[in-house]
Amino acid sequence: MTPVNPDPFAATATCDPFQSKMVWLDRRADEFELNMKKWLNALVSIPVDPDTEPTQPLDVGKLFDEVKSKELTLAPTKELIACKYYRYKLGSLRSAGIALYRSEEVAAPLRRVALQVEKQLLTLRTDRSLHLDLVLQQNILDLLLCFNPLWLRLGLEVVYGEQIELQPNRDVVGLSAFIIHRLFRDRQLEACNAQSYKLSTAYAEHMQKFTLRTVLCLLLFLDTAKRRKLIKHNPCLFERSAPYKETREILVRFSSNLVSGVGDITKHLRRVGYTLSHKQRFLDEYDYAFEDLAVDLRDGVRLTRVVEFILLREDLSPRLSVPPTARVQKIHNVNLALGALEQAEFRIAGDITARDISDGHREQTMSLLWQIVQMFRAPKLESAAIAIINRRVEEKRCVRREAAARTIQAAVRRRFVRARYEAIRLYVRNYSAQRLAARRCGAVVRIQQWWRAVRVVRQTRERYLLWQKSALVLQRSYRRFALARKLLAVAGAISAIRAEAKHRDRLASIIQRCFKSFVIRRRLQAVVPGILAISRRDALRNRSAAIIQSHWRMKATRTEFLRARSATLCIQRRWRECMEAGSTRNQFVLMRRSAIVLQRHARGWMQMRQDRRRYERTRQLIVQVQHLWRATMAMRTERSCYATLRRVTIAVQRRYRARLATRQAVQRYVTLRYVTSRLQRRYRANRAMAEQRRLFCRLRVAALCLQRCYRARLSMRAARAAYATVRCAIVKIQVHYRATVRMRPARARFLALRRSAVIVQVRFRAILAGRLARRRYEATRRTVIALQRSWRARLSERKRRAEAARCVQAWWRGAHYRKRFQNAVLRKIAQRMVASRRLARLQPANRLGNIHRLCMRFLQNPFSSTESVRILQQLERTSRLVPHILINDAIFLGVFCYETMAQSIRSEVDKI
């Protein structure tokens with residue numbers, strides 16, 4: 001029984017599993033085939049950034065190890081990579097395209113072509129209305145859509161000089177819409193003229209010249225840009241499914257349908273330097289992605305491409321036989337790849353031939369790929385194995401050295417420990433004392449930290465209490481301000497109440513004023529100096545308290561401001577230090593990066609010089625080996641010539657001897673050939689008859705098609721003539737209708753202007769009449785004003801005299817009335833005083849002094865509002881009898897009445 005190897009495809013395997021006589025699991029082989037497909041797709045993938053394309057031999061073994069753990073990704077085409085790369089880099093591509101379009105290579109032929117188009121040496125057919133014929137527009141659109149959308153977008157943007165807004169670079173619908181609206185129409189002329197201008201001959205001639213010039217410019221630019229490889233990945237100029245893949249053929253198809261008076265347009269344009277030479281080859285559009293190794297490697301094209309990538313050669317693809325439809329072509333392509341490997345001194349084991357690869361032999365194909373990969377992986381595996389062996393040997397040596405070193409160190413340590421035991425013990429004691437001192441120092445530090453924290457808490461609490469007091473002061477101020485606003489709000493109601501109270505008390509105040517002024521005038525002569533001294537003392541005390549408070553508040557505010565200022569300066573200084581440190585660090589990092597870059601370049605330059613010297617030495621040795629090898633090859637050539645001459649001689653002899661036997665076979669062959677030729681002649685006659693019949697049928701169908709087209713053309717001409725007649729009638733009707741429509745607003749404007757002129761005339765005549773009437777009115781008015789002024793002066797003189805008489809009478813009557821009223825009031829007051837004195841003699845408690853003291857004592861103690869009002873009324877009656885009795889308590893009564901009034905107003909406001 002043959003044992004099954006669990007993993008013959010491991011990285012450490014050095015034996016070809018497909019050539020050895022072993023059995024493996026199909027799952028392992030499928031995994032290896034999948035890894036091969038990953039490796040091949042990664043190998044033939046084009047880098048997205050063309051500037052990173054390697055110039056050194058590709059590390060195939062490293063690439064194989066890297067892609068094994070990744071997902072299978074098919075190699076993308078050049079078109080797809082170019083679309084992704086230029087998705088956000090179209091600006092640079094447009095700039096390069098504009099520079100090429102303005103270069104003399106492209107601009108000079110286009111100027112000559114434009115001149116010929118303007119002189120009508122190149123014109124479109126007059127019987128073809130390109131801007132109206134949708135079928136012709138579709139044909140030209142199909143021709144232009146044969147181009148790759150990226151190339152076509154670049155050409156249209158450069159020729160038209162504007163940017164086309166497309167989401168992806170392969171938006172065929174957006175390009176089609178741009179071509180239809182910009183190549184077959186001129187929106188600017190259509191906007192400047194009427195709708196009928198589209199059907200005019202001038203517009204048709206303009207559009208024919210414009211379309212012809214634009215198409216010729218576009219074809220020449222795309223052909224030149226493709227030859228210059230303007231797009232870095234060099235994608236195909238035409239689509240893979242396009243029916244035409246040559247710029248010259250596109251031009252010929254366009255001219256055969258539209259250009260008139262020119263046979264071969266390419267010869268005509270070649271005289272002015274306009275040449276189109278690009279032709280898309282089979283290999284340009286070949287898809288090198290690997291999907292199935294049993295099929296993809298059979299034609300030899302992909303295998304040759306892989307060999308080119310491995311050997312960094314580009315001369316193999318032009319020697320391929322494409323398209324590989326026959327088996328001989330496939331064998332030739334595979335032989336080309338295997339021969340390139342043999343020339344590179346790559347030995348293929350296992351007798352693998354091109355027939356095995358082209359026939360799809362799985363084991364042979366996988367064996368070839370395994371040998372290619374193993375050729376690049378084997379040196380790495382050998383170097384890795386040697387490195388592992390050397391590492392293990394070195395590790396064993398290190399282990400032995402470490403064991404010896406440990407033994408020596410143990411002996412030395414024992415000797416030193418015995419010699420310095422006392423010193424170590426003393427050191428331990430010192431160390432214990434140091435630890436005790438460190439603990440004490442730590443305790444002191446912790447106490448200091450605690451005390452500093454307590455101080456910070458106290459300062460924070462003092463600051464908080466100060467802020468609380470400030471807040472309370474602000475709250476009181478705000479509440480007073482709010483109370484003042486409320487008082488102002490109810491001032492209207494209070495003013496009405498006050499007005500009513502004033503109206504009630506006006507008469508009483510007149511009486512009190514007269515009597516009090518008489519009594520107070522005498523009493524104040526002794527009381528005024530004391531009151532002035534008291535007021536001055538209170539004012540001085542208040543002013544001193546205010547000055548002390550202001551100084552204290554200023555000191556507290558300044559202390560807080562200085563503390564906040566020092567903290568702010570500390571924070572600013574710290575922040576500026578951080579910012580300066582950040583900027584300094586950024587400068588250091590930038591300088592460090594620059595130094596690293598310079599060091600990398602310098603080291604690369606030094607390494608380049610060393611590699612160059614090594615390469616020159618290697619080259620000299622290789623040249624010497626080549627001389628020896630060429631001498632050996634020349635010797636072998638001479639020896640092979642002699643061997644060839646000997647074989648030729650033997651062959652001639654063998655040929656002569658065989659010729660004698662051939663003559664007899666010739667006679668038999670002549671007879672057989674005569675019979676065979678008769679049969680072949682008969683068979684070819686039958687095939688020619690069938691071909692003639694097919695041609696006749698095809699010619700008949702073509703004739704029927706031409707007849708149908710001719711009849712359709714006749715009917716089209718008749719319909720066109722009817723359409724022209726109807727169109728002329730419609731145009732005349734439209735002209736008359738538009739004239740009528742334009743006449744109506746003109747007539748309306750005329751009538752409005754006429755009415756305006758009539759109104760202006762009436763207004764002007766009214767102004768003239770008004771001026772005349774105004775002059776008459778002003779003369780009459782001046783006369784009337786003069787009469788009124790004299791009469792009013794007389795009336796004012798009369799009024800002034802009557803008013804003076806009334807004032808004298810009122811003054812006299814008031815003086816007489818006041819004299820009589822004062823006498824009556826004084827008599828009443830005297831009677832009341834006499835009655836009160838009599839009552840006081842009978843009842844001492846009813847004396848005015850006693851009543852006054854009881855009232856003041858009551859007001860100075862807590863009381864209710866009703867009782868306070870009753871006491872104030874009693875004091876008012878007492879003051880009317882004896883006005884000077886309240887002089888000593890005037891300040892207290894004023895403050896008490898103000899507070900009582902404020903409290904009552906506040907209660908009324910709160911109720912509101």
Practice prompt. Tell me yes or no: between the side chains of Glu580 and Thr584, is some donor less than 3.5 Å from an acceptor?
Written response: no
Discussion item. Is the terminal nitrogen or CZ of Arg302 (NZ for Lys, CZ for Arg) located under 6.0 angstrom from the six-membered ring centre of Tyr288 and within 45° of that ring's axis?
Written reply: no
Practice prompt. Check Lys229 against Asn234 and note the closest heavy-atom contact, atom names and distance.
Written response: CE-ND2, 3.6 Å
Practice prompt. Return yes if some donor-acceptor pair links the side-chain N/O of His332 with the main-chain N/O of Arg319 below 3.5 Å, else return no.
Written response: yes
Fill in: More than 12 heavy atoms from other groups under 6.0 Å of CZ on Arg313
yes
Item to complete: Would you tell me whether Ser317 and Glu308 have side-chain atoms, one donor and one acceptor, within less than 3.5 Å of each other?
Response: yes
Worksheet, complete the sentence: Closest heavy-atom pair, Leu230 versus Trp151, reported as atoms and distance to 0.1 Å, is N-CH2, 4.2 Å
Worksheet item: Would you say the side-chain atoms of Asn333 pair up with the backbone N or O of Val301, donor to acceptor, closer than 3.5 Å?
Response: no
Practice prompt. Using modelled atom types only, decide if a donor and an acceptor are shared between the side chain of Asn41 and the backbone of Phe290 within a distance under 3.5 Å.
Written response: yes
Worksheet item: Do Leu368 and Leu338 have side-chain heavy atoms sitting under 4.5 Å apart?
Response: yes
Worksheet item: Under 4.0 Å between a Lys/Arg side-chain N and an Asp/Glu carboxylate O for Glu616 and Arg612?
Response: yes
Item to complete: Please assess Leu276 against Ile250 for the test side chain to side chain contact (heavy atoms under 4.5 Å, CB included), listing each intermediate value before the final yes or no.
Response: CA-CA 10 Å; Leu276 302 177; Ile250 297 289; over 6 Å; no
Discussion item. One thing to verify: whether Glu162 and Arg182 come together as a salt bridge, which I'm taking to mean a side-chain N less than 4.0 angstrom from a carboxylate O.
Written reply: yes
Worksheet item: Do Leu175 and Leu156 touch side chain to side chain, with heavy atoms closer than 4.5 Å?
Response: yes
Discussion item. For the SG atom of Cys83 and the CD atom of Glu79, what is their distance to the nearest 0.5 Å?
Written reply: 8.0 Å
Worksheet item: Looking at Asp299 and Pro324, what are the two nearest heavy atoms and their distance?
Response: CB-CG, 3.6 Å
Item to complete: First locate atom NZ of Lys78, then atom CG of Asn148, and finally report the distance between them rounded to the nearest 0.5 Å.
Response: 10.5 Å
Worksheet item: Are any of the side-chain heavy atoms of Leu218 and Val215 separated by less than 4.5 Å?
Response: no
Item to complete: List the atom of Ala289, the atom of Asp296, and the distance in Å for their closest heavy-atom pair.
Response: O-OD2, 4.0 Å
Worksheet item: Do Met36 and Val373 have side-chain heavy atoms sitting under 4.5 Å apart?
Response: yes
Worksheet item: Is Glu157 salt-bridged to Arg153, going by a charged N under 4.0 Å from an acidic O?
Response: yes
Item to complete: Would you check if Ile310 and Leu341 make a side-chain contact, meaning some heavy-atom pair closer than 4.5 Å?
Response: no
Discussion item. Any non-hydrogen side-chain atom of Glu239 less than 4.5 Å from a side-chain atom of Pro149?
Written reply: yes
Item to complete: Using the six-membered ring wherever Trp is involved, compare the ring planes of Phe238 and Phe147 and label them parallel, tilted or perpendicular (cut-offs 30° and 60°).
Response: parallel
Worksheet entry | Heavy-atom donor-acceptor pair, Arg112 side chain to Gly273 backbone, under 3.5 Å | no
Discussion item. When you measure from the side chain of Asp284 to the backbone of Cys236, do you find a donor-acceptor pair of N or O atoms at a distance under 3.5 Å?
Written reply: no
Discussion item. Looking at every heavy atom in both Pro235 and Lys226, which two are closest together, and how far apart are they?
Written reply: O-NZ, 2.6 Å
Fill in: Nearest atoms (heavy-atom pairs only) where Arg614 meets Thr618
O-OG1, 2.7 Å
Worksheet item: To the nearest 0.5 Å, how far apart are OH in Tyr615 and CE in Met608?
Response: 14.0 Å
Worksheet entry | Within-4.5 Å side-chain heavy-atom neighbours: Lys330 and Val334 | no
Worksheet entry | Steps toward side chain to side chain contact (heavy atoms under 4.5 Å, CB included) verdict (Leu152, Ile179) | CA-CA 10 Å; Leu152 183 59; Ile179 292 171; 4.2 Å; yes
Fill in: Check: Gln364 side chain, Ile357 main-chain N or O, donor-acceptor pair, under 3.5 Å
no
Fill in: Derivation and outcome, side chain to side chain contact (heavy atoms under 4.5 Å, CB included), residues Leu74 and Asp287
CA-CA 10 Å; Leu74 299 180; Asp287 187 7; over 6 Å; no
Item to complete: Quick one: pull up NZ in Lys245 and NE2 in His278 and give me the separation to the nearest 0.5 Å.
Response: 10.5 Å
Worksheet item: So do Val113 and Leu220 actually touch side chain to side chain, heavy atoms under 4.5 Å?
Response: no
Practice prompt. Test Met633 against Trp629 for side chain to side chain contact (heavy atoms under 4.5 Å, CB included), laying out the working first.
Written response: CA-CA 6 Å; Met633 292 299 294; Trp629 175 253; 3.4 Å; yes
Fill in: Spacing of Arg102 atom CZ and Leu100 atom CG [to the nearest 0.5 Å]
12.0 Å
Worksheet entry | Separation between CZ of Arg248 and OG1 of Thr275, rounded to the nearest 0.5 Å | 11.5 Å
Item to complete: Taking atom types as modelled, find out whether Tyr274 and Asp223 have a side-chain donor-acceptor pair closer than 3.5 angstrom.
Response: no
